[in-house]
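Remember, it's a predicted structure, so these values are computed and weren't measured experimentally.
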Amino acid sequence: MVPAYGRILAAVCALATTANAVVPVEVKGKDFVNSKTGDRFQVLGVDYQPGGTSAVNGKSDPLSDRDECLRDAALMQRLGVNTIRIYNLSPDLDHDECVSIFNAAGIYMILDVNSPLYPGYIDRTAPWETYNKDYYTQVFGIIEAFKDYPNTLAFFAGNEVINEDSVKQVPQYIRAVQRDMKEYIENHLDRAIPVGYSAADVRPILEDTLNYFMCEDEDSPKSHSDFFGLNSYSWCGDSSYKKSGYDVLTDMVSDATIPVFFSEYGCNEVQPREFTEVATIYGEEMSQSFSGGLVYEYTQEDNDYGLVKLNDNDTASLLVDFENLQKQYAKLDMERISASNSSQTNVKPVTCSSDLIKNGTFSSNFTLPAKPPGVQKLIDNGYDKVKAGKIVDVEDEDVKQTIYDHTGEKVTGLKLKVLASGESNEPGSSGSSSSSGSGSDDDDNAAGIVAVPVGLATIAATLFALVML
């Protein structure tokens, strides 16, 4: 017979593997907010696409290898991020273990629904040729696959589709995609996962792009963006608010009625990157206009923007950029950053009008293309070729791979720590990277890290019930 304390310990351990670490985030006015507490949610994140676009081949994607996800989630906990953006995913793969690991680590996901593989994208030179039912097998497939995960923060309907090479009609097609996605979400999801667009920093049309996507049109009320991402690399080296042009960007988005954040930032013209822009993005001058940002990018690829280098022998090396970013995150005043502000959440939407568009090269036409044949049926009945994912049990777990810091010393004590229910990761909450001879569990406990995945009240109630057996 198992002693009472043994049954109690087993029950508590079982509870420790089943809690959802995060609660969904929603949009209120120009802020992301925690749907339970009402606190403002600022994106502190990284763009995450290990191996680049070629790594998505129908057999694997960034969320299909459990061991790799556990390694990266543990490193991201130490880095201090709360959000990852993933550009390319296969809706047919099993993502349960990876997503559950990031969820347990307190890390949200912003997912691009498109794919570089045909038919998963809108052709910017002829959007009418790719806007079809086949395209929506990718788009609705991603929504179906990720709709039930609590840490699915948002979906991007497009990334830099509008640029110097795009035809003038492209904005209408992206708004149509947003319309169709939001109708699908309304019909088949139990919560309204936000949908938005990620824009290139093309200054002559950037303000027009924001105005075009954030305004609300009574003829197509679901087609506007719920948020707006900006890919900008204007802060290089030890720059400043004015020298980088961040003051211009802040002024440009100050009257936005939806959340705006950097969906990519981190210029690499000066190396190593010091990430001095972090203090400004989350500082007093910008944080009321911007909802944070995502650093490009987590893994070192050919374009030399990485924070972590994945080696051929299944080891990984933290680049000096990783540690520089970690130091900048650690300086942030998270209490101020997360404070709610009614002036942010109670803003009135802007009505679509051609007057919003200042540059004559940008579309001022808000009449959207009709849905392609067969798409309305998918919206009404759902896309049943993809199985919805679900959260699975996750425990505290040591990272199996060997990790080195930028000096070549081994990083010790690296493990995934399951956060308390309702918590998201933030700088300093999971310790800092340590080299050989440091980073023990005792050090983590001394730093105030508590890996308790369920509320104390729940545990107490369970203990009491078991003791009474």
Side-chain angles (χ1 to χ4, degrees), residues 44-52 55 60 62-84 86 97-107 266 268 271-275 294-302 304-330 394-419 425-447 449 451:
L44 284 83
V46 293
D47 297 306
Y48 183 62
Q49 194 72 35
S60 66
L63 296 177
S64 62
D65 187 308
R66 183 187 187 280
D67 289 342
E68 292 182 2
C69 290
L70 188 135
R71 173 201 63 206
D72 295 339
L75 285 171
M76 289 180 198
Q77 279 191 308
R78 290 196 170 197
L79 180 59
V81 306
N82 61 20
T83 307
I84 55 176
I86 307 172
E97 289 190 310
C98 275
V99 173
S100 298
I101 285 168
F102 282 109
N103 172 70
I107 297 173
N268 69 350
Q271 295 188 349
R273 294 181 291 177
E274 298 290 340
F275 295 109
L294 298 150
V295 170
Y296 190 84
E297 63 180 314
Y298 179 74
T299 52
Q300 180 76 323
E301 309 295 343
D302 292 341
D304 202 25
Y305 279 91
L307 303 174
V308 177
K309 181 183 179 183
L310 303 181
N311 304 316
D312 293 336
N313 60 354
D314 199 33
T315 65
S317 300
L318 307 183
L319 304 180
V320 66
D321 287 13
F322 181 102
E323 298 182 20
N324 288 343
L325 180 60
Q326 184 182 37
K327 290 174 183 176
Q328 295 292 345
Y329 278 157
V394 176
E395 297 177 318
D396 289 3
E397 185 174 341
D398 294 325
V399 171
K400 298 181 177 66
Q401 300 95 326
T402 300
I403 311 296
Y404 300 96
D405 67 16
H406 78 279
T407 69
E409 293 291 320
K410 285 186 179 180
V411 175
T412 61
L414 183 63
K415 67 187 301 181
L416 176 79
K417 297 181 182 297
V418 179
L419 298 190
N425 194 49
E426 63 180 38
S429 65
S430 294
S432 59
S433 295
S434 54
S435 300
S436 181
S438 63
S440 67
D441 289 342
D442 289 340
D443 291 336
D444 289 338
N445 290 334
I449 301 161

> Working to the nearest 0.5 Å, report the span between CD of Gln300 and CG of Leu307.
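One gets 9.0 Å once the value is rounded to the nearest 0.5 Å.
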
> Where is the tightest heavy-atom contact between Cys98 and Ser64, given as atom of each residue plus distance?
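Minimum heavy-atom contact is SG-N, 3.8 Å.
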
> At their closest point, which heavy atom of Val394 faces which heavy atom of Ala104, and how far apart are they?
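Heavy atoms of Val394 and Ala104 come nearest at CG1-CB, 3.7 Å.
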
> Take His406 and Leu318, measure what side chain to side chain contact (heavy atoms under 4.5 Å, CB included) needs, and give me the verdict at the end.
CA-CA 5 Å; His406 78 279; Leu318 307 183; 5.7 Å; no

> With no hydrogens and no angle check, is any side-chain donor or acceptor of Asn324 less than 3.5 Å from a backbone partner on Pro272?
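No, Asn324 side chain to Pro272 backbone: no donor-acceptor pair under 3.5 Å.
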
> Take atom CG of Asp304 as the centre, draw a 6.0 Å sphere, and report whether it contains more than 12 heavy atoms from other residues, nucleotides or ligands.
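It does: Asp304 CG has more than 12 such atoms within range.
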
> Ignoring hydrogens and geometry, is there a side-chain-to-backbone donor-acceptor pair from Asp396 to Val418 under 3.5 Å?
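Between the backbone of Val418 and the side chain of Asp396 there is a qualifying donor-acceptor contact (under 3.5 Å).
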
> Which atom names give the shortest non-hydrogen contact between Tyr404 and Val411, and what distance separates them?
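Taking every non-hydrogen atom into account, C-CG2, 3.9 Å.
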
> Atom CZ in Arg273, atom CG in Leu319: separation rounded to 0.5 Å?
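These two atoms lie 9.0 Å from each other.
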
> Scan side-chain atoms only and decide if Thr299 and Glu297 contain a donor-acceptor pair under the 3.5 Å cut-off.
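No, because no side-chain N or O of Thr299 sits under 3.5 Å from a partner of the opposite role on Glu297.
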
> Between Ile101 and Cys69, which heavy-atom pair has the shortest distance, and what is it?
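The answer is CG2-O, 4.0 Å.
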
> Begin from the C-alpha positions of Ser60 and Asp65 and carry the test side chain to side chain donor-acceptor pair (under 3.5 Å) through to its verdict.
CA-CA 8 Å; Ser60 66; Asp65 187 308; over 6 Å; no

